[in-house]
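All figures in this text were calculated on a predicted structure; none of them were measured in a lab.
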Amino acid sequence: MAKRKRLEQAPKELLPFLSRRGFLKAAGVTGVAATTVGFSSALAGCSTSSADVVWSNWTAYMDVDDDGNFVTLNKFSEATGLTVEYPEDYSDNDEFWAEVLPLLESGESTGRDIVSPTDWMAARWIKLGYAQELNKANIPNAQNLIPELSNPAFDPGRVYTMPWQSGYGGLGWNKALLQEAIGTSDMTTVDQLFDSRLAGRVVLLSEMRDTMGVVLAWQGADPTNFTSDEFYAAIDFLQSKVDDGHIQNFMGNEYLQPLEQGDLVAVLGWSGDLVQLGEDFGFNLPETRGNLWTDNLLIPVGAANKENAEKLIDWYYQPEIAAELAAWVNYITPVVGAKEAAIEIDPELAENPLIFPTEADLAKTFIFKELTDAEEQEYSSAWQKLLGN
Amino acid sequence: MAVTTRSKRIKTAYLLLIPGFAWLFFFFFFPLGSLLATSLKRPLGDSPEAGFAYALQFSNYSQAIAEYWPFYVRAFTFAAIATVFCLLLAYPISYYMAFKAKKYKYLMLVLIVAPFFASFLLRTNAWKTILSSEGAVVGFLNFLGVLPQERILSTSFAVILGLIYNFLPFMILPLFISLDKIDKRLLEAAGDLYATGNQRFWKIVWPLSIPGIVSGTILTFIPASGDYINAELLGGISDKMIGNVIQSQFIILRNYPQASALSFTLMAIVLVFLYLYLRKIGTKELL
């Protein structure tokens with residue numbers, strides 16, 4: 001669902017275009033090859049790879065050293081002797097799906113051994129029978145999965161998927177500009193986001209579940225179980241805020257650039273993104289609750305190297321590796337013991353509630369309702385209309 | 001003897017046509033037919049994964065047009081404005097290159113083509129930084145107080161600006177070629193006959209540059225009306241063009257019949273425009 005990048009690693013003027021979803025999204029559609037850093041390579045749809053395992057992941061979702069090497073991934077190759085091809089071409093749930101669906105439908109291999117869909121998209125893979133059951137014998141560390149994520153509605157008992165990282169959809173803002181606009185540098189409620197003094201300098205997420213979940217919860221509906229009327233009431237409200245110019249736009253990771261540039265005061269954004277922007281920016285779960293999402297690891301049918309893929313999944317369920325990764329990506333790790341391991345790396349890191357949330361933090365979140373096919377089509381259409389499409 | 005030579009010649013001509021026709025068949029007619037067939041399909045269930053069946057569902061078209069006609073209007077309006085501005089900007093540049101630049105002509109040509117070496121997306125994204133509200137451009141314009149929304153990004157203006165920027169070379173190149181082809185002796189002759197500079201331009205240069213204007217406007221208007229990148233990256237919620245709708249219908253909602261019907265309608269409208277335009281101007285001008 002959310003990707004981010006390390007801003008300090010490259011000139012700001014250049015890197016944002018290369019790593020943000022907006023660019024990749026457009027690149028994917030127009031067929032311009034999106035080049036990735038490090039040893040990942042562009043992957044043609046159904047090519048057979050010489051690597052021992054091929055993993056399509058979101059961009060900047062892996063720890064990188066100063067030379068652009070993926071540290072924990074290289075360690076895996078050293079430890080197991082397996083080579084990994086790691087194209088960062090999972091730039092958007094819908095677009096990746098549109099790309100691989102024809103292959104899946106015709107029974108061909110997608111050329112990937114692991115893909116990284118968000119919960120709702122993983123649910124679709126499983127429901128249509130395009131996910132392979134994981135052989136837990138090859139993933140002994142699966143026992144380290146945190147209990148909160150071990151029994152999701154779309155995959156009870158985690159038969160087909162293992163979580164990669166989780167994160168929040170919530171309030172993000174530029175502290176100085178917020179202070180200037182409404183006299184406080186802290187944002188805790190959705191009401192503040194719709195404060196008329198921020199008119200035209202607010203961007204919401206273009207992912208339906210993130211924005212609608214937060215707005216539904218704020219309007220007193222239950223995002224885990226709302227009615228159609230409640231959904232449309234929220235859409236109508238947002239439409240009125242689009243019409244009066246309060247909402248400037250809906251974006252994916254592309255909101256980072258204007259937020260950083262000072263074009264925007266506040267956004268509905270993703271936790272890891274805002275952490276990455278540094279001290280001048282804030283992130284909070286709204287008092288009325290924010291969205292908790294998880295990106296998952298899933299082995300598609302037709303994967304050539306299932307066992308290797310399982311070994312790779314297992315690798316990331318070692319607490320030390322998970323901690324090393326979390327230190328870089330700033331998202332919630334699903335691995336028990338990672339916190340203890342993180343203390344070894346950096347005690348401050350282990351205190352970061354955005355990486356190691358407390359019970360109280362998690363109580364301020366919800367997981368968006370699972371939609372039926374008919375609801376999905378209907379709501380997505382309404383959502384696309386709101387987005388101006 | 002003469003007959004055999006002629007029939008041989010004809011045979012060679014046909015043989016030479018084969019690759020072109022094969023190309024057109026596989027990469028133009030075949031996809032076009034497939035698009036047409038898809039545009040008439042009907043859904044088999046609630047989700048796109050349930051699939052679509054071949055049918056003759058013409059309501060896909062009426063629905064597409066009824067619901068999305070404002071996006072066509074917006075796309076053609078933006079494209080038309082962009083084309084006019086491209087022409088206004090391109091003509092003096094091409095004129096200068098063809099008649100005045102002399103030895104710098106080819107250097108200028110290279111400079112005009114140079115942006116193509118960077119990705120279209122990167123160049124469009126770069127405008128986001130240039131037009132940032134905290135940047136110098138918007139800062140200055142706000143100082144003058146001429147921006148109604150106090151910003152440029154996420155406005156129609158930004159989208160049209162992006163279109164002009166991205167398609168300008170497509171206007172300059174054909175214009176330059178037709179201006180460069182003009183026999184300079186015609187101008188000398190006109191001068192000898194006491195034609196003023198104005199007369200020389202309107203009686204000689206302008207008429208002879210019309211083929212360039214026609215191809216330039218076509219090369220600019222058609223891709224601009226189907227463009228969605230500029231609206232996606234530079235525009236706001238109410239600046240989306242028909243290309244954005246087709247993209248969202250195809251990729252996100254996966255409503256393939258609807259998306260195909262929208263694409264086909266776009267193509268049909270452009271063809272009608274093109275036909276009317278060329279009939280008015282006359283295709284012989286293109287030669």
Side-chain angles (χ1 to χ4, degrees), chain A residues 12-14 16-18 20 22-30 32-34 92-95 97-99 101 104-105 124 127-128 130 200-201 203 206 208 239 242-243 245 247-250 254 257-258 260-264 372-378 380-381 383-389, chain B residues 43 45-51 67-68 70-71 74 118-126 128-135 138 148-155 227-256 258:
Chain A
K12 287 188 180 179
E13 307 80 78
L14 185 63
F17 311 141
L18 292 172
R20 279 177 193 151
F23 168 68
L24 291 166
K25 186 172 165 180
V29 176
T30 47
V32 176
D92 180 288
N93 278 307
D94 286 306
E95 274 155 27
W97 180 248
E99 184 188 333
L101 186 63
L104 293 167
E105 278 178 337
R124 194 183 286 172
K127 193 166 61 184
L128 293 168
Y130 294 138
R201 305 180 76 188
V203 160
S206 54
M208 173 175 80
Q239 186 67 56
V242 167
D243 293 342
I247 300 172
Q248 183 188 113
N249 217 335
F250 293 89
E254 313 92 275
Q257 191 190 347
E260 223 185 328
Q261 283 174 180
D263 292 5
L264 303 176
T372 65
D373 289 344
E375 284 171 334
E376 173 81 42
Q377 263 329 87
E378 188 194 328
S380 301
S381 298
W383 178 249
Q384 287 300 316
K385 287 219 174 71
L386 176 71
L387 265 51
N389 289 321
Chain B
D46 287 333
S47 78
E49 283 75 24
E67 194 155 341
Y68 295 108
F71 292 88
R74 192 181 294 140
S119 151
F120 178 62
L121 289 157
L122 284 178
R123 286 184 283 123
T124 309
N125 256 317
K128 283 190 172 181
T129 307
I130 299 170
L131 300 177
S132 156
S133 296
E134 300 298 303
V138 176
Q149 287 164 289
E150 297 188 348
R151 63 163 196 260
I152 292 181
L153 284 179
S154 293
T155 65
D227 183 84
Y228 76 96
I229 298 284
N230 286 289
E232 176 81 32
L233 297 180
L234 304 173
I237 302 158
S238 48
D239 309 314
K240 301 286 173 76
M241 298 164 68
I242 192 65
N244 301 85
V245 175
I246 295 172
Q247 194 260 358
S248 113
Q249 289 283 336
F250 228 103
I251 303 290
I252 297 169
L253 300 174
R254 282 162 297 130
N255 190 344
Y256 304 128
Q258 183 79 283

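Note: A:D373 leads A:D373, A:I247, A:V203 in heavy-atom pairs under 4.5 Å with chain B. Of the listed residues (B:E67, B:K240, B:M241, B:Q149), the one with the most heavy-atom contacts under 4.5 Å to chain A is B:K240. Counting heavy-atom pairs closer than 4.5 Å to chain A, the top-ranked of the candidates B:G135, B:S154, B:S132 is B:S132. Across A:K385, A:E375, A:E105, the residue that shares the most heavy-atom pairs under 4.5 angstrom with chain B is A:K385. When each of B:I237, B:D46, B:V138 is scored by its heavy-atom pairs under 4.5 Å with chain A, the top score falls to B:I237.
When side chains are defined from C-beta on, B:P48 counts as touching A:Q377, because their heavy atoms get closer than 4.5 Å.
At a 4.5 Å heavy-atom cutoff, B:E150 makes no contact with chain A through either its backbone or its side chain. Heavy atoms of B:S238 lying under 4.5 Å from chain A are absent altogether. Of the atoms belonging to A:L264, not a single heavy atom falls under 4.5 Å from chain B.
A:K127 has no carboxylate O lying under 4.0 Å from a charged side-chain N of B:E49, or vice versa, which leaves the two without a salt bridge.
The heavy-atom pair separating A:Q248 from A:R201 by the smallest distance is NE2-CA, 4.5 Å.
Judged purely by atom type and a 3.5 angstrom limit, A:W97 has no side-chain atom pairing as donor or acceptor with the backbone of B:I252.
A donor-acceptor pair shorter than 3.5 Å cannot be found between the side chains of B:Y68 and B:Q258. Between A:D243 and A:Q239, the side chains place a donor N or O and an acceptor N or O closer than 3.5 Å (distance only, hydrogens not considered).
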